[in-house]
J.: 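Structure below; questions to follow.
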2 protein chains.
Amino acid sequence: MDGSEHTVQTRPLQAPVNDIRLTPTSYIVLGFLAAMDEATPYDLKQAVAQSVGNFWSVQHAQLYSEPERLARAGYLVEKREQTGRRRKRYTLTARGRGALRDWLGAPVHAVPELRDLGLLKLFFGADPTRLAAGQLEAHRAKLAEYEALAEQEMPAGMRRALDSGLGHEREFVRFWSRLAKRG
Amino acid sequence: MDGSEHTVQTRPLQAPVNDIRLTPTSYIVLGFLAAMDEATPYDLKQAVAQSVGNFWSVQHAQLYSEPERLARAGYLVEKREQTGRRRKRYTLTARGRGALRDWLGAPVHAVPELRDLGLLKLFFGADPTRLAAGQLEAHRAKLAEYEALAEQEMPAGMRRALDSGLGHEREFVRFWSRLAKRG
DNA sequence: CCTATCATGTAATCCGTTACATGATTAT
DNA sequence: ATAATCATGTAACGGATTACATGATAGG
């Protein structure tokens, strides 16, 4: 028995804006702002596209809405330019910096799902040889791109992520090569 | 050619329900229904969880809403049991079967994104050694799970997908092992 | 000049997740 | 019997994608 008859949680319709859920997208924004100190959504878009976007892309529209959301919740401050285009520029607050630090320090106990369309088709019985043709080409191209990227200098974290990407692309090439030959 | 000069597409607010976008989730439903002939959302949930869910999971709520959506659009027929629980049972229509066949036959030119939370943290400067500890454990467990699964018999498509999963988990273990030792 | 393309943003839609519920079964 | 778990579904919310727009800039 529950003394209170109201087991139903009646939350305020307008959840307090300072208590939002932080998603990977949130941390991508926080992470870049920590490195760039100040940025417009377009700056973020550029930064993401050239680096982390290789394994975790973000649509540009989200790089407009997400900073707004983070700013409303106190993780960023937004200042609007008064001249010309009146663009929005964002910077981290102490809260934002803290949230990023906490997240970076927390262990990850989950393993990611591959979510590979090619594998999904394989699973449902698609012809392996036919599939392998397209996939091999695509993965070889991606691998080449990574190998070129790897020539350049880059921050340690990005290098590590890139190394992992190289490993997985090589694995993909191995896998689809095998299928291409003997189904 | 369409004689209409109106380049501006004024679509009806209520998009025709027979013209929906098919997502990977849609094909997962179609794919299982092709194999199972007839199924309830719960059947689908079970089937997904034990197989494809290992690399492409689907929330159970979606296995209720997605078949409804597909049925409205003519890819499935829904019949409600008249007895007892009045569960909904779905079967493929010719349209559904055709859509699945087309999808399976179409090449995939995109490569998937890893979207690995561990990599994301690495990218943003998390401590590699600390991260590696948790990740190694998780990936070793997943690898063991796959190796056990691999002992069993299974359809050819699932076997191929599993092989790929094994390769990637081994790659993860290699990668994080290396980081665990010498950052 | 004209027109692509880049830059910058808003609005609408929708899929996917999370939360909420309740009816059957099984175990204790 | 009662609690726990499985089975079965609906509702609400929100993040992400897609579509829509317009202002600047550079190339021809």
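For the numbers below, each heavy atom of this structure counts, side chains included, while hydrogens, waters and symmetry mates do not. Here is how names work: the chains are called A, B, and so on, in the same order as the sequence lines, proteins then strands, and each is numbered from 1.
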J.: Which whole-number value in Å describes the distance from A/W56 CH2 to D/dT17 C1'?
T.: 16 Å
J.: How close or far is atom C1' of C/dT13 from atom CZ of B/R21, stated in whole angstroms?
T.: 9 Å
J.: Expressed in angstrom and rounded to an integer, what is the separation of B/L70 atom CG from C/dC14 atom C1'?
T.: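 Those two atoms, CG and C1', are 14 Å apart.
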J.: May I have the distance from B/E78 (atom CD) to D/dG9 (atom P), rounded to whole angstrom?
T.: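 Taking atom P of D/dG9 as the reference, CD of B/E78 is at 9 Å.
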J.: Verify side-chain contact (heavy atoms from CB on, under 4.5 Å) between A/L119 and A/F175, making sure each step is shown before the conclusion.
T.: CA-CA 11 Å; A/L119 284 190; A/F175 176 77; 3.9 Å; yes
J.: Output yes when a side-chain donor or acceptor of B/R115 lies under 3.5 Å from a complementary backbone atom of A/S57, and no otherwise.
T.: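 Yes; at least one donor-acceptor contact below 3.5 Å.
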J.: Would you kindly give the CD-to-P distance between B/E66 and D/dG9, to the nearest whole Å?
T.: 16 Å
J.: Please list, chain by chain and in numerical order, all residues satisfying side chain to side chain donor-acceptor pair (under 3.5 Å) with A/E78, sequence neighbours excluded.
T.: A/Y90
J.: With a 4.0 Å cut-off on heavy atoms, is B/T25 in touch with a base, just the backbone sugar-phosphate, or nothing at all?
T.: sugar-phosphate
J.: Atom CG of B/L22 to atom C1' of C/dC14: distance rounded to whole Å?
T.: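 Value for this atom pair: 14 Å.
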J.: CZ of B/R115 versus P of D/dG15: gap in Å, rounded?
T.: 15 Å
J.: Between A/K45 and B/S57, which is nearer to the 5' end of DNA chain C once each is assigned its nearest nucleotide?
T.: A/K45
J.: If you restrict it to nitrogen or oxygen atoms, what contacts under 3.5 Å exist between nucleotides 10-12 of chain D and the protein, and what is each distance?
T.:
{"from": "D/dT10", "atom 1": "OP1", "to": "B/K88", "atom 2": "NZ", "distance (Å)": "3.4"}

J.: Side chains of B/E66 and B/S26: closer than 4.5 Å at any heavy-atom pair?
T.: yes
J.: Can you find a pair of side-chain heavy atoms, one from B/L122 and one from B/L179, that are under 4.5 Å apart?
T.: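 A side-chain contact under 4.5 Å exists here.
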J.: For the pair B/H139 and B/F172, name the ring-plane relationship: parallel under 30°, tilted 30 to 60°, perpendicular over 60°.
T.: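 Answer is parallel, since the angle falls under 30°.
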J.: Using a cut-off of strictly less than 4.0 Å, decide whether B/Q62 has a side-chain nitrogen or oxygen near OP1 or OP2 of C/dC15.
T.: no
J.: Give a yes/no answer on whether the side chain of B/R69 brings an N or O atom under 4.0 Å of OP1 or OP2 in C/dC15.
T.: yes
J.: When you check the gap from the basic side-chain N to the acidic O, do B/R170 and B/E147 get nearer than 4.0 Å?
T.: yes
J.: Please give, in whole Å, the distance from C/dT8 C1' to A/L63 CG?
T.: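 Answer to the nearest Å: 12 Å.
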